[in-house]
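Here the structure is laid out as structure tokens; the discussion comes afterwards.
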Amino acid sequence: MTSADERRPIVFDVDAPEPGPEPVALAWAADAADRRGLPLRLLHAAPPVIHDLRGFEEETAVRTLHRLLAESTAGRSMAFPDLELTREVIRGHPVEELAMASEHTLAVVVGRRGRGGFTGMRIGSLPHGLLHRAHCLVVTVPRFPS
């Protein structure tokens with residue numbers, strides 16, 4: 001590992017920021033970043049159509065998503081006080097945005113719900129799309145305990 005690689009962050013895909021039980025996948029990503037002394041970048045990519053369908057103005061929708069992201073991931077800051085953590089909400093298709101983020105990332109961690117939307121597809125459409133587009137390691141972790 002070169003010195004430039006040593007500070008490449010681990011990116012975690014925050015699928016739908018909402019208060020409630022913390023995903024197992026987020027705990028895994030935070031632990032992996034903390035053990036390696038790497039930054040953890042929490043990324044929520046929201047397709048523009050979501051904002052339009054909910055009737056929010058874009059600025060209001062993005063502010064709401066930022067607030068929900070901070071609330072839903074607050075436990076990571078307390079559990080890992082030395083972890084460098086950033087939270088981002090961006091507009092765009094999650095597969096495309098995560099693939100672009102992967103160019104400067106050590107690994108992208110995504111939660112797996114189980115079977116995905118199509119028969120025979122066991123990892124889900126997001127991890128499947130990333131496996132074909134990512135420029136780094138893609139790690140799938142169950143989103144919640146079974």
Side-chain angles (χ1 to χ4, degrees), residues 1-2 4-36 38-77 80 83-146:
M1 185 182 286
T2 67
D5 288 338
E6 291 174 8
R7 292 299 299 159
R8 292 172 70 175
I10 291 177
V11 169
F12 176 72
D13 165 54
V14 180
D15 180 26
E18 56 187 50
E22 183 177 90
V24 170
L26 174 55
W28 190 95
D31 184 60
D34 188 61
R35 286 176 188 249
R36 290 162 181 80
L38 297 174
L40 179 62
R41 182 179 172 202
L42 305 178
L43 184 63
H44 175 68
V49 70
I50 288 176
H51 303 299
D52 299 337
L53 290 175
R54 292 186 179 165
F56 290 123
E57 291 183 24
E58 180 178 349
E59 185 177 321
T60 303
V62 170
R63 263 199 323 265
T64 300
L65 287 169
H66 271 286
R67 180 181 53 77
L68 289 171
L69 179 59
E71 290 172 4
S72 67
T73 60
R76 288 303 91 202
S77 297
F80 297 96
L83 180 62
E84 183 183 330
L85 183 70
T86 58
R87 295 172 175 93
E88 297 174 59
V89 174
I90 55 177
R91 288 185 69 161
H93 190 278
V95 172
E96 297 305 321
E97 295 301 327
L98 289 164
M100 285 192 314
S102 75
E103 291 182 33
H104 308 288
T105 301
L106 187 63
V108 175
V109 179
V110 295
R112 179 176 43 83
R113 287 196 173 106
R115 299 192 178 174
F118 303 100
T119 303
M121 192 175 204
R122 301 279 183 219
I123 64 170
S125 57
L126 177 70
H128 185 261
L130 276 175
L131 289 173
H132 293 282
R133 293 178 181 88
H135 300 274
C136 68
L137 176 68
V138 176
V139 179
T140 61
V141 180
R143 197 162 285 283
F144 294 101
S146 308

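To the nearest 0.5 angstrom, Leu69 atom CG is 6.0 Å from Leu42 atom CG. The CD1 atom of Ile90 sits 11.0 Å away from atom CD of Glu96, with the distance rounded to the nearest 0.5 Å. Put simply, CD on Glu103 and CG on Leu98 are 12.0 Å apart, with the number rounded to the nearest 0.5 Å. Between the CG atom in Leu131 and the CG atom in Leu137 there is a gap of 9.5 Å [rounded to 0.5 Å]. Here the CZ atom belonging to Arg63 is positioned 12.5 Å from the CG atom belonging to Leu68, to the nearest 0.5 angstrom. Note that the CE atom of Met100 and the NE2 atom of His135 stand 9.5 Å from one another [nearest 0.5 Å].
Among Val24, Leu26, Val110, the single residue meeting the side chain to side chain contact (heavy atoms under 4.5 Å, CB included) criterion with Val141 is Val24. For the side-chain hydrogen bond (donor to acceptor under 3.5 Å, both in side chains) criterion with Glu88, the lone passing option out of His44, Arg41, His66 is Arg41.
Nearest heavy-atom pair, Thr140 versus Pro127, reported as atom, atom and distance to 0.1 Å: CG2-CB, 3.6 Å. When all heavy atoms of Ala99 and Arg133 are compared, the closest pair comes out as CB-CB, 3.7 Å. Closest non-hydrogen pair, Val95 versus Ser125, comes out as CG2-O, 4.3 Å. Contact between Val138 and Ala134 at its shortest, heavy atoms only, is CG2-CB, 3.5 Å. Nearest heavy-atom pair, Arg7 versus Pro39, reported as atom, atom and distance to 0.1 Å: NH2-CG, 3.6 Å.
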Could you give me the CA-CA distance, side-chain angles and deciding distance for Leu40 and Phe80, then say whether side chain to side chain contact (heavy atoms under 4.5 Å, CB included) is met? CA-CA 11 Å; Leu40 179 62; Phe80 297 96; over 6 Å; no
Would you please test Ile10 and Phe12 for side chain to side chain contact (heavy atoms under 4.5 Å, CB included) and show each step? CA-CA 7 Å; Ile10 291 177; Phe12 176 72; 5.8 Å; no
May I have the step-by-step check of side chain to side chain contact (heavy atoms under 4.5 Å, CB included) for Val11 and Ser102, ending in yes or no? CA-CA 8 Å; Val11 169; Ser102 75; over 6 Å; no
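One N or O on the side chain of Arg36 and one on the backbone of Ala32 form a donor-acceptor pair closer than 3.5 Å.
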